[in-house]
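Computed from a predicted structure; not experimentally measured. Position 1 is the first residue of the sequence, and the numbers go up from there.
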Amino acid sequence: MLDAYGRETLYGTIARFMMAIVGFAGAILFARLLGDAAFGGFYLLIGVKTIIDRPIQGWANACKKRFSESGSRQRELLGAALLFLIGWTVTLGIISVLINGWISQYTGIAGAGFLLMLIITTESTFEVLEKIAHAEGHVAAGMWTDTVRSYLMFPLQLALVLTFGVSGMVYGLSVASLASVVILLILVVDTQPSFPSTLVLADVLKFARYEIPTMLVGTVEDRFELLAIGFLLSQSVVGDYEAAVKLTVPAVLIAEASSAGLMPQVSSLASKSESASEDIKNTLSISSVLSVPIFFGTLLFSEPLLSVVFGQEYADGAELLAFVALLRIFQSQTAPLGATLQGFNRPDSVLHAAIFGILLKLVGAVLLFLEFGAVGIVAAAAFSEFCKYVLMSEFVQRLSDNTPRIPRAIFPQIVASVLMSGILLLIINYIPVTSRVTLIGIVGFGGVLYFVTLLLISQFIRQTITGLINDINIISR
């Protein structure tokens, strides 16, 4: 039977998958409606937003960490999160006005400064409240609210894109985020805010002084490829890259869902001097269950996936896709490792790993860009993420001796993926992938083959599914 953390992770993962379905459908539709230049410009704008609002999210993460600790002043911590949100949002409003000309030129979107401010005001508020919901233990409820936001966003963006063009993407995102803020406040977040004392602010600051630069460096590292391609090449190449990213989103869904609950889980156990090694090991074991087969699949279907799904305009991104998928494998492990280190109150270790990673990316991109272009930038990112994974794994080992550097459950995933790829390679030699129906049929068969093989050879997967079935039976009684 699954424990409370396992159930929250499971329900959160289901929510992520539901979100990914509408997100993927939206990405295909808007990529075709807008074209690769405008599509890329929108994601450049989102990339800038994710960097300049990191102080908000870093402070909120620090509040989340303290919130999850035994005996914390939760009302004051929520007040501290909201107070910082308001202050930094006003600051960013001034910055957005000042950089409007540059950001409009960089993204190719008129009035991008105003649009940037609109996203920060609405989406950042939602993200802060979602973190508080996770800290309260409502991991699944927070993620399901995000899923509702995605399903609101899709029709809103579609209607507004047809009227306002690429700016409609921002308007739809902002309206859906604002509505979801209301849902969180009314239905999910239990805590009422109060004005924080200097003692609470000082306690949050002890964590935030590492968490804010960690999130800033980590976000620059995470969005480095997109921002570098936009700076060195064009919005069209960014559109090709972003299409590859969207295709590989399922690879990290489980890692993202489990990591959201892992940090407060580890924090709570550590504050009571209890071992968290079992939760860490299980999370690492399950996090790559999709990223490994997706990587092997992209080795076979890079060009058909992009051209058939997104359109021939995006076929140039085929060379990027396999490297993006490889990057996702390492991200599916570094995400829970980072959450573990935060839970052990070691944001400094996460910061050191992020700085190490971005320096490697920078050096690798400089060395490989001139020879290989955008592919070199993404290849450097994949190598950097692997090195960061090794470093973070070592950090976690020092804090939790019983946590394996490489979870044993990953090896059956690799075996099942290799078998799947071999059989699919034989199939496509006789059945060329020339249509959407053929692509869906072959990829779907590969997915079934992978999971059946994994079920047969992986004891961990069998135990996880058995626990899930038992949990469902208990709930249905």
Side-chain angles (χ1 to χ4, degrees), residues 13-14 16-17 20-21 24 28 243-258 282-310 315 317-333 335 378-379 382 385-386 389 406-466 468:
T13 300
I14 295 172
R16 289 292 189 195
F17 272 104
I21 291 170
F24 186 61
I28 295 171
V245 169
K246 293 301 180 188
L247 276 174
T248 59
V249 162
V252 291
L253 289 179
I254 296 176
E256 289 176 352
S258 57
N282 289 340
T283 301
L284 291 171
S285 297
I286 200 69
S287 290
S288 59
V289 75
L290 294 179
S291 60
V292 175
I294 285 174
F295 167 68
F296 281 91
T298 60
L299 295 177
L300 299 176
F301 301 108
S302 289
E303 196 279 332
L305 280 168
L306 285 169
S307 60
V308 172
V309 175
F310 285 94
E319 293 182 348
L320 299 172
L321 184 55
F323 285 104
V324 172
L326 179 62
L327 172 64
R328 294 295 203 182
I329 291 180
F330 304 128
Q331 286 177 336
S332 70
Q333 292 294 297
V378 182
E385 196 71 17
F386 167 73
Y389 159 70
I406 302 177
R408 187 175 300 175
I410 289 180
F411 296 108
Q413 296 168 20
I414 295 173
V415 172
S417 297
V418 171
L419 178 62
M420 173 197 73
S421 300
I423 293 175
L424 291 184
L425 185 60
L426 292 174
I427 291 174
I428 61 177
N429 284 332
Y430 293 97
I431 307 175
V433 181
T434 55
S435 69
R436 192 169 299 176
V437 174
T438 307
L439 179 65
I440 293 172
I442 294 177
V443 171
F445 173 74
V448 172
L449 178 63
Y450 167 75
F451 280 107
V452 169
T453 304
L454 190 61
L455 185 63
L456 292 174
I457 66 176
S458 173
Q459 182 182 6
F460 171 77
I461 293 296
R462 290 197 299 272
Q463 290 174 341
T464 301
I465 292 176
T466 300
L468 168 60

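Residues Leu425 and Ile428 share a closest heavy-atom pair of O-CG1, 3.4 Å. Of all the heavy atoms in Leu306 and Ala243, the pair that sits closest is CD2-CB, 3.9 Å. The two residues Ser307 and Ala315 come nearest to each other via the heavy atoms CB-CB, 4.1 Å. The shortest heavy-atom contact between Val324 and Thr248 is CG1-OG1, 3.4 Å. Across all their heavy atoms, Ser285 and Ala409 have their closest contact at CB-CB, 3.7 Å.
Once rounded to the nearest 0.5 Å, the distance linking CD1 of Ile461 with CD1 of Ile286 reads 4.0 Å. Here CD1 of Ile423 is found 6.5 Å from OG1 of Thr453. Values are rounded to the nearest 0.5 Å. How far CD1 of Ile254 is from CG of Leu290: 4.0 Å, rounded to the nearest 0.5 Å. Atom CG of residue Leu253 and atom OG of residue Ser332 lie 11.0 Å apart, to the nearest 0.5 angstrom.
When only modelled atom types and interatomic distance are considered, Ser458 and Gln413 share no side-chain donor-acceptor pair under 3.5 Å. Using modelled atom types and a 3.5 Å distance limit, the side chains of Arg328 and Ser291 yield no donor-acceptor pair.
Between Pro407 and Gln333, the closest side-chain pair of non-hydrogen atoms falls below 4.5 Å. Residues Tyr450 and Leu419 form no side-chain contact, since every pair of their non-hydrogen atoms from C-beta on lies 4.5 Å or further apart. The side-chain heavy atoms of Ile28 and Phe310, taken from C-beta on, include a pair separated by under 4.5 Å. At a threshold of 4.5 Å between non-hydrogen side-chain atoms, the residues Pro412 and Val415 do not count as touching. Met420 has its side chain within reach of Leu424: a pair of non-hydrogen atoms, C-beta onward, lies under 4.5 Å apart. A 4.5 Å side-chain heavy-atom check between Phe301 and Leu321 finds every atom pair outside the cut-off.
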Check against side chain to side chain contact (heavy atoms under 4.5 Å, CB included), Tyr389 and Ile329: CA-CA 10 Å; Tyr389 159 70; Ile329 291 180; over 6 Å; no

Stepwise side chain to side chain contact (heavy atoms under 4.5 Å, CB included) test for Val309 and Leu439: CA-CA 9 Å; Val309 175; Leu439 179 65; 4.1 Å; yes

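Taking Phe330 as the reference, Leu326, Glu385, Phe386 meet the side-chain contact (heavy atoms from CB on, under 4.5 Å) condition, with sequence neighbours excluded.
No more than 12 heavy-atom neighbours from other residues, nucleotides or ligands sit within 6.0 angstrom of CZ on Arg408. The number of heavy atoms from other shown groups lying within 6.0 Å of CD (Glu303) is above 12.
Between the side chain of Ser302 and the backbone N or O of Leu299, no donor-acceptor pair lies under 3.5 Å. Although no hydrogens or angles enter the test, the distance criterion places a donor-acceptor pair under 3.5 Å between the side chain of Thr298 and the main chain of Phe295.
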